[in-house]
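Read the structure below first, then the notes.
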Amino acid sequence: MAKNAVHEMIAAFAVGCMDRDNFIQFKDYIDAGGELPEGELQEMQNIVSLIPIILDIEKPDPSLKDEVARRLIGMKDEIKTRIREEKKATAEKFSTRTTKAGTKASFQLTNLKKTQPKEKTEEPVKTGTGKTSGAIDRSIIPEEPSRYFTGQQTQIKPAPRSPGKSGSLVGWFAIVLSLVLFSLLGYYSFTSVEELNQKITDIEQDINVYRSELARTNNFVNNYIALIEFFNYGDITIVNLKSNTPGENASAKVLLSFDAKEGLIQFRNVKPLLANQGYQLWLVSRGISYSMGVYQPAGNEFLHITSFPIIPKENIESLKITIESNTGSPTPSVNEYMSAPFPQENRRR
């Protein structure tokens, strides 16, 4: 197995991102008596165990919170609009049914009026001359007809029943039924709205939780993807620089890989810079300072080191940071903002 492949296998095994095929291949290589660089696996595992210490908790950008709030308000207004439309459609259906019931009751009252018996009117009687008189001549009727018509009795017809009382009952029944239906509809609408509002509140809380988790995940991936990729290198040296000003808590972390000639730098609690200023990193070897780039950090993110001087590790004395122009300076200023000796004990043998 090639040397670079062995280093990559060791790094992937230590970080825990090795897939099944590579794990089987790596295990077969070890079982077959393959050689591993001395102490590299243990050193890589120690470095991986330090990852939680160097990571910082990042807060989401306030603009992201505002965007999430605007979307939630839009979703809430949309759901409330749908609720109002459903209530309006239900009320229109109920009103149509009530109108039909009232028409039916009116129709019944009209039929009752039509069925009232008509009073019998007197028919005109024709006289002997052929003319019609307006009334019957009652002089030809005996005063006591009962003497001559003993078997005949006067039939008394019952008075027609007035429909007014029945119609009022039907009207009252329709009103009571309408009130009951309106009460049921109001109760159903109230309980439905309360349930929907509760569901909306629960959904908003779930969305806020998921948004927060997603924001933290995205910030972690965006800020530390370079750090995760950087730990694939086999030779890593960590240098912690501290402020030289008493009472100031500013610091910087520098990660260097001399095999890959790459590095990362992270600034913490640094003081604000002017628009034309920047933090310039210097490597000091045998009294000579070599520039490793100018940086203007916006937070605690890891920045790639833009310049990596080709100097043996054993010749490096220290690292320091000065405040220079944002275009860089050929020599460092007298006042050092941060500095730290280079850890020669971390050098691989």
Side-chain angles (χ1 to χ4, degrees), residues 65-126 132-138 141 143-146 149-214:
K65 295 182 179 178
D66 297 339
E67 180 65 22
V68 173
R70 285 195 293 272
R71 294 187 181 179
L72 290 177
I73 292 172
M75 293 172 63
K76 184 175 181 181
D77 294 340
E78 182 180 356
I79 294 175
K80 287 186 176 180
T81 302
R82 293 183 181 177
I83 293 173
R84 288 194 290 268
E85 292 177 354
E86 291 179 359
K87 290 174 61 178
K88 183 177 179 182
T90 306
E92 291 177 354
K93 291 181 181 178
F94 178 77
S95 177
T96 304
R97 293 178 181 176
T98 306
T99 304
K100 291 183 179 179
T103 305
K104 185 176 182 181
S106 177
F107 177 72
Q108 291 177 354
L109 292 174
T110 304
N111 289 340
L112 289 173
K113 291 181 180 180
K114 289 183 178 180
T115 56
Q116 293 180 7
K118 297 182 179 180
E119 296 182 357
K120 186 176 180 180
T121 59
E122 296 182 352
E123 296 180 357
V125 180
K126 293 183 180 181
T132 304
S133 61
I136 300 174
D137 188 1
R138 296 185 178 275
I141 301 176
E143 293 179 358
E144 296 180 357
S146 58
F149 306 99
T150 57
Q152 183 179 2
Q153 296 180 357
T154 304
Q155 296 180 357
I156 301 175
K157 295 182 179 180
R161 188 175 180 181
S162 177
K165 190 173 183 181
S166 176
S168 63
L169 292 176
V170 174
W172 279 107
F173 178 76
I175 292 174
V176 173
L177 181 62
S178 301
L179 292 175
V180 172
L181 292 177
F182 273 116
S183 300
L184 293 175
L185 178 61
Y187 176 76
Y188 173 76
S189 301
F190 176 77
T191 54
S192 299
V193 171
E194 288 295 326
E195 290 178 358
L196 290 175
N197 288 335
Q198 184 62 35
K199 290 181 179 179
I200 290 173
T201 303
D202 296 340
I203 291 173
E204 289 177 351
Q205 293 177 354
D206 294 340
I207 290 175
N208 290 333
V209 173
Y210 296 148
R211 295 287 187 184
S212 300
E213 293 179 356
L214 181 60

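Note that the structure is predicted; figures quoted are calculated from it, not measured.
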- Hey, could you give me the OG/CD1 distance between Ser212 and Ile207, rounded to the nearest 0.5 Å? 11.5 Å
- Task: Tell me, with the steps shown, if Glu78 and Arg82 meet salt bridge (charged side-chain N to carboxylate O under 4.0 Å, His left out).
- Result: CA-CA 6 Å; Glu78 182 180 356; Arg82 293 183 181 177; 2.9 Å; yes
- Item | Pairwise distance OG(Ser168) to CH2(Trp172) - rounded to 0.5 angstrom | 9.0 Å
- Working to the nearest 0.5 Å, report the span between CG of Leu179 and CG of Leu184. 11.0 Å
- Measure the CG-OH distance between Leu181 and Tyr188 for me, rounded to the nearest 0.5 Å. 15.0 Å
- Message: Can you confirm whether Lys88 sits close enough to Arg84 that some side-chain heavy atom of one is under 4.5 Å from a side-chain heavy atom of the other?
- Response: no
- salt bridge (Lys or Arg N to Asp or Glu O under 4.0 Å) partners of Glu204, counting only residues at least two apart: none
- Going by an N to O cut-off under 4.0 Å, is there a salt bridge joining Glu67 and Arg71? yes
- Could you give the distance from CZ (Phe182) to CG (Leu177), rounded to the nearest 0.5 Å? 10.5 Å
Kindly list each side-chain donor-acceptor pair under 3.5 angstrom involving residues 193-202, sequence neighbours excluded, with atom names and distances?
{"from": "Asn197", "atom 1": "ND2", "to": "Val193", "atom 2": "O", "distance (Å)": "3.2"}
{"from": "Gln198", "atom 1": "NE2", "to": "Asp202", "atom 2": "OD1", "distance (Å)": "3.3"}
{"from": "Thr201", "atom 1": "OG1", "to": "Asn197", "atom 2": "O", "distance (Å)": "2.9"}

